[in-house]
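What you see is a predicted model, and the numbers here were worked out from it, not measured in a lab. Hydrogens, waters and symmetry mates play no part in the numbers below; they use all other heavy atoms, side chains included.
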Amino acid sequence: MYCSTRRQGNSELLADIVVEGLDCTKIHLKDHHIEPIRDFRHDPEGFKPVHDDHAKLIREILNHDMFLFATPIYWYGMPGILKNFIDRWSTYYSDMTFKDRMSEKEAIVVVTGGDDPHIKGFPLIQQFYWIFEFMGIEFTNYIIGNGNNPGDVLRDLNALSKAEQLNHQLRMRG
């Protein structure tokens, strides 16, 4: 799942190396309309139906065993479109089958940023860790790449090497 507001950004370039040659579904969140959460957890009627693309995306991701979230670091956190997508998981939480199905999944996170991302981007990795722990999703790996301007990440040899290694591991799994 590509979580940038532009195509071919650094996080997408790095994630494409991870998934090269693998059978996967690529979703660009920016191409979907996702409303922010309106918290009705404590309302007697609960959450209200929302007419956007979120339910369609949930159905799609539930069909997969593994997720890869590729995201730039925006202001030392995740982009709003990704935050909206994850916040809306709360609307399905009363349906315990959602959490049960999510707990069968694995997740990989690829983040890129330009302001010392290995230090300042780590809280974003921790945020994903806690989200995945809450949902019971196995957090299998992450990559932090250095890249601010388009294509910068292709000069981050450590991130490229880790992406290639991860691709090899995933290919070996079949």
Honestly curious: do Ile27 and Val19 fall in one hydrophobic cluster under the side-chain, below-4.5 Å linking rule?
-> no
Closest approach of Tyr76 to Asp115 (non-hydrogen atoms, all atoms of both residues) | OH-OD2, 2.6 Å
Mark yes or no: Lys162 above the aromatic ring of Tyr142, with NZ or CZ under 6.0 Å from the six-membered ring centre and no more than 45 degrees from the axis.
-> yes
Between atom CE of Met102 and atom CD1 of Ile131, what is the distance when rounded to the nearest 0.5 Å?
-> 10.0 Å
Can Trp75 be reached from Val111 by stepping across I, L, V, M, F, W or Y side chains whose heavy atoms are under 4.5 Å apart?
-> no
Of His32, Arg88, His33, Arg59, which meets side chain to side chain contact (heavy atoms under 4.5 Å, CB included) against His54?
-> Arg88
Please check if any side-chain donor atom of Thr5 sits under 3.5 Å from a side-chain acceptor atom of Tyr74, or the reverse.
-> yes
Whether over 12 other heavy atoms sit under 6.0 Å from Arg38 CZ | no
Examine distances only and state if a side-chain atom of Arg173 and a backbone atom of His168 form a donor-acceptor pair shorter than 3.5 Å.
-> no
Would you call Leu154 and Asp156 a side-chain contact if the rule is heavy atoms closer than 4.5 Å?
-> no
CG on Leu68 to CG on Leu166, rounded to 0.5 Å | 7.5 Å
To the nearest 0.5 Å, what is the distance between CD1 (Ile86) and CE (Met78)?
-> 4.0 Å
Start with the C-alpha distance between Gln8 and Asp16, add both sets of side-chain angles, then the distance that settles side chain to side chain contact (heavy atoms under 4.5 Å, CB included), and finish with yes or no.
-> CA-CA 9 Å; Gln8 295 299 307; Asp16 281 347; 4.3 Å; yes
Would you say the side chain of Phe85 lies within less than 4.5 Å of the side chain of Cys3, judging by non-hydrogen atoms?
-> no
Within 45° of the axis and under 6.0 Å from the centre of the six-membered ring of Tyr2, does NZ or CZ of Lys30 qualify?
-> no
Is there a side-chain contact between Glu164 and Val18 (heavy atoms, below 4.5 Å)?
-> no
Do the side chain of Asn148 and the main chain of Gly113 share a donor and acceptor less than 3.5 angstrom apart?
-> no
Is any NZ, NE, NH1 or NH2 atom of the basic residue among Lys26 and Glu12 found under 4.0 Å from an Asp or Glu carboxylate oxygen of the other?
-> no
Does Asp152 use its side chain to pair, donor to acceptor, with the backbone of Asn146 at less than 3.5 Å?
-> no
Taking Ser4 for the side chain and Pro72 for the main chain, is one N or O donor matched with an acceptor at less than 3.5 Å?
-> no
Under a 4.5 Å cut-off applied to non-hydrogen side-chain atoms, are Trp89 and Met135 in contact?
-> yes
May I ask whether Tyr129 and Val110 are part of the same hydrophobic cluster, defined by side-chain heavy atoms of I, L, V, M, F, W, Y residues being less than 4.5 angstrom apart, directly or through others?
-> no
Can you tell me how far CG of Asn10 sits from OG1 of Thr71, rounded to the nearest 0.5 angstrom?
-> 12.0 Å
Any side-chain heavy atom of Phe47 sitting closer than 4.5 Å to one from Asp39?
-> yes
For residues Ile73 and Lys120, determine if any side-chain heavy atom of one lies less than 4.5 Å from a side-chain heavy atom of the other.
-> no
Answer yes or no on whether Lys105 is positioned over the face of Phe132, meaning its NZ or CZ is under 6.0 Å from the six-membered ring centre and within 45° of the axis.
-> no
Using the rule that two of Ile, Leu, Val, Met, Phe, Trp, Tyr join whenever any of their side-chain heavy atoms come within less than 4.5 Å, decide whether Val50 and Leu29 are in one cluster.
-> no
Can you check side chain to side chain contact (heavy atoms under 4.5 Å, CB included) on Lys83 and Gln127, steps first, answer last?
-> CA-CA 11 Å; Lys83 184 75 168 86; Gln127 182 179 18; 4.2 Å; yes
How long is the gap from NE2 on His28 to CD1 on Ile81, to the nearest 0.5 Å?
-> 10.0 Å
Please examine the side chains of Ile144 and Thr112, heavy atoms only from C-beta on, and report whether any two atoms are closer than 4.5 Å.
-> no
Is Arg101 reaching over with its side chain to a backbone N or O of Leu62, donor-acceptor style, under 3.5 angstrom?
-> yes
Should Glu60 and Thr25 be marked as a side chain to side chain contact (heavy atoms under 4.5 Å, CB included) after you check the CA-CA gap, both sets of side-chain angles, and the distance that decides it?
-> CA-CA 9 Å; Glu60 180 65 41; Thr25 302; 3.5 Å; yes
Glu106 vs Asn141 side-chain heavy atoms within contact, under 4.5 Å = no
Member of Ile37, Leu82, Ile34 meeting the side chain to side chain contact (heavy atoms under 4.5 Å, CB included) criterion with Asp87 | Ile37
Co-membership, hydrophobic cluster, residues Trp130 and Val109, 4.5 Å side-chain | yes
From Asp31 atom CG to Leu57 atom CG, the distance as rounded to the nearest 0.5 Å = 10.0 Å
Take Glu45 and Phe40 through the side chain to side chain contact (heavy atoms under 4.5 Å, CB included) test and state the conclusion after the steps.
-> CA-CA 8 Å; Glu45 292 87 40; Phe40 290 108; over 6 Å; no
Which is it for Phe69 and Phe128 under the ring pair (Phe, Tyr, Trp, His ring centres under 6.0 Å) test, yes or no, and what are the steps along the way?
-> CA-CA 9 Å; Phe69 291 96; Phe128 276 108; 5.7 Å; yes
If you count the non-hydrogen atoms of other residues, nucleotides and ligands that lie under 6.0 Å from NZ in Lys99, is the total more than 12?
-> yes
